[in-house]
Amino acid sequence: PFECLRRLRVQRFKSSTFKQFQTISNNFKPFQTISNNFKQSKIVPRKSKINLYLCVMKNFLKLIRWKNILVIILTMIAMRLLVIFPVFANYGIKVMFPDWIFYLMMLATVLIAAGGYVINDYFDQKIDRVNRSGRVLVGFRVPRRKAIAMHLWLNVFALIIAVVVAVAARRWWYFFIFFGAFAMLWIYSLDLKKTTFWGNLLIAMLSGIVPFLVGMTEYFAQADAVSYWDISHIRAVKMVMQVIIFFSVFAFIFSLMRE
C-alpha cells in the first residue's frame, strides 16, 4: 500500500510539472519560435527519404504494370536475337535494321504501353474501388493530377522517340503507328472498354502488333538496302516473317482469350 501511494504521488507530481512546463512554454516566445520552426522544417531522416523514394518507385512500377512491360521487352528482343539473327546468319545475310534504332523503337513501344496502363487506371477509379478496393493506386497512393501528368509525359517522350525512329529509318509512317497506338489506348480507356467485343479486340490487336513490328522494320530495311534479292535472300526473309507472324497471331489469340 505504501509503495502504491508513493507511485501515485510521483505520477501526480510529474503530470503537474508537465502542465506547468507546457503553460510556460506556450507563454514564452522563444519556445514558440523553436517549436514553429521545427514544425515548418522539411528535414527528414535519411532512412525516411530512402523509404519514401522506394515507396514512390514501387507505386510507379505497379501503375505501369512492370510485368507486362517486361513481357513486351523480352518479346521484341527475342524476335530480333532469337529469330532474325539466327535465320539470317544461316543464309549468310546481314541484318540491316540498326541496333540503336531498334532499341529506340522498343523504348517508344514500352513508353506508350506504360502510358496506356496509367490512363486506364485513371478512368477506372470508381470501378476499381468496388472490384479491387485494396489495390487502387490512382486517387489514393498516386494523386489524379500526377497520374494524368505521368500519362502525358510518357506519351510525349514516346512520340518524340517515334519521330527519331521514323527519320532514321526514312519512313515517316512509322510515326503514325505509334501515334495510332497512343490514340487507340486513349479511346479504349475512355469508351471502348465498356463494350464487350470491340475493346477486347483492340487490345488483342495491339498485343499482336508488338512482335510483328520487329519483323516489319527489318523487312523494309532489307528492301531499302538490297536492290536485288536472290533465292537465299527470299527464303530467309520468308522464313523470318512466317515465324514472326505465327508469334503475332499467337499473341493476338492469347490476349483475346485472356481479355
I'd like to know whether [atom1] of [X] has more than 12 heavy-atom contacts from other residues, nucleotides or ligands below 6.0 angstrom.
{"X": "Phe85", "atom1": "CZ", "value": "yes"}
{"X": "Phe252", "atom1": "CZ", "value": "yes"}
{"X": "Trp229", "atom1": "CH2", "value": "yes"}
{"X": "Met205", "atom1": "CE", "value": "no"}

Between [X] and [Y], which heavy-atom pair has the shortest distance, and what is it?
{"X": "Pro211", "Y": "Ile244", "value": "O-CG2, 3.2 Å"}
{"X": "Ala168", "Y": "Ile101", "value": "CB-CD1, 3.5 Å"}
{"X": "Phe182", "Y": "His151", "value": "CE1-NE2, 4.0 Å"}
{"X": "Ala114", "Y": "Ile69", "value": "N-CD1, 3.9 Å"}
{"X": "Gly208", "Y": "Ala251", "value": "CA-CB, 4.2 Å"}
{"X": "Ile119", "Y": "Ser189", "value": "CG2-OG, 3.4 Å"}

*List in chain and number order the residues that pass ring pair (Phe, Tyr, Trp, His ring centres under 6.0 Å) with Phe175, two or more places apart in sequence or in another chain; answer none if no residue qualifies.*
none
To the nearest 0.5 Å, how far apart are [atom1] in [X] and [atom2] in [Y]?
{"X": "Leu202", "Y": "Leu256", "atom1": "CG", "atom2": "CG", "result": "11.5 Å"}
{"X": "Met96", "Y": "Thr217", "atom1": "CE", "atom2": "OG1", "result": "14.0 Å"}
{"X": "Leu159", "Y": "Phe179", "atom1": "CG", "atom2": "CZ", "result": "7.0 Å"}
{"X": "Ile84", "Y": "Ile93", "atom1": "CD1", "atom2": "CD1", "result": "12.0 Å"}

*Test side chain to side chain contact (heavy atoms under 4.5 Å, CB included) on Val240 and Glu218 and set out the steps.*
CA-CA 10 Å; Val240 165; Glu218 181 59 36; 5.9 Å; no
Could you tell me whether the side chain of [Y] reaches within less than 4.5 Å of the side chain of [X], counting heavy atoms only?
{"X": "Leu206", "Y": "Tyr188", "answer": "no"}
{"X": "Asp224", "Y": "Arg170", "answer": "no"}
{"X": "Phe212", "Y": "Met241", "answer": "yes"}
{"X": "Arg65", "Y": "Asn120", "answer": "yes"}
{"X": "Phe247", "Y": "Val243", "answer": "yes"}
{"X": "Tyr228", "Y": "His233", "answer": "no"}

*State yes or no: are the ring centers of Phe157 and Trp153 separated by less than 6.0 Å?*
yes
Do you reckon [X] sits in the same ILVMFWY cluster as [Y], going by side-chain contacts under 4.5 Å, direct or chained?
{"X": "Ile72", "Y": "Phe250", "result": "no"}
{"X": "Leu104", "Y": "Leu154", "result": "yes"}
{"X": "Trp66", "Y": "Leu111", "result": "yes"}
{"X": "Val110", "Y": "Leu152", "result": "no"}
{"X": "Val237", "Y": "Val226", "result": "yes"}

*Would you sort out whether Ile77 and Val214 count as a side chain to side chain contact (heavy atoms under 4.5 Å, CB included), showing the intermediate values?*
CA-CA 9 Å; Ile77 292 177; Val214 181; over 6 Å; no
_Arg80 vs Met106, side chain to side chain contact (heavy atoms under 4.5 Å, CB included): CA-CA, chis, key distance, verdict_ = CA-CA 11 Å; Arg80 184 169 176 85; Met106 184 175 66; over 6 Å; no
*Quick one: does Gln222's side chain have a donor or acceptor within less than 3.5 Å of a partner on Phe97's backbone?*
no
*Can Arg235 be said to sit on top of Tyr91's aromatic six-ring, NZ or CZ under 6.0 Å from centre and within 45° of the ring axis?*
no
*Test side chain to side chain contact (heavy atoms under 4.5 Å, CB included) on Thr109 and Ile209 and set out the steps.*
CA-CA 10 Å; Thr109 306; Ile209 287 175; over 6 Å; no
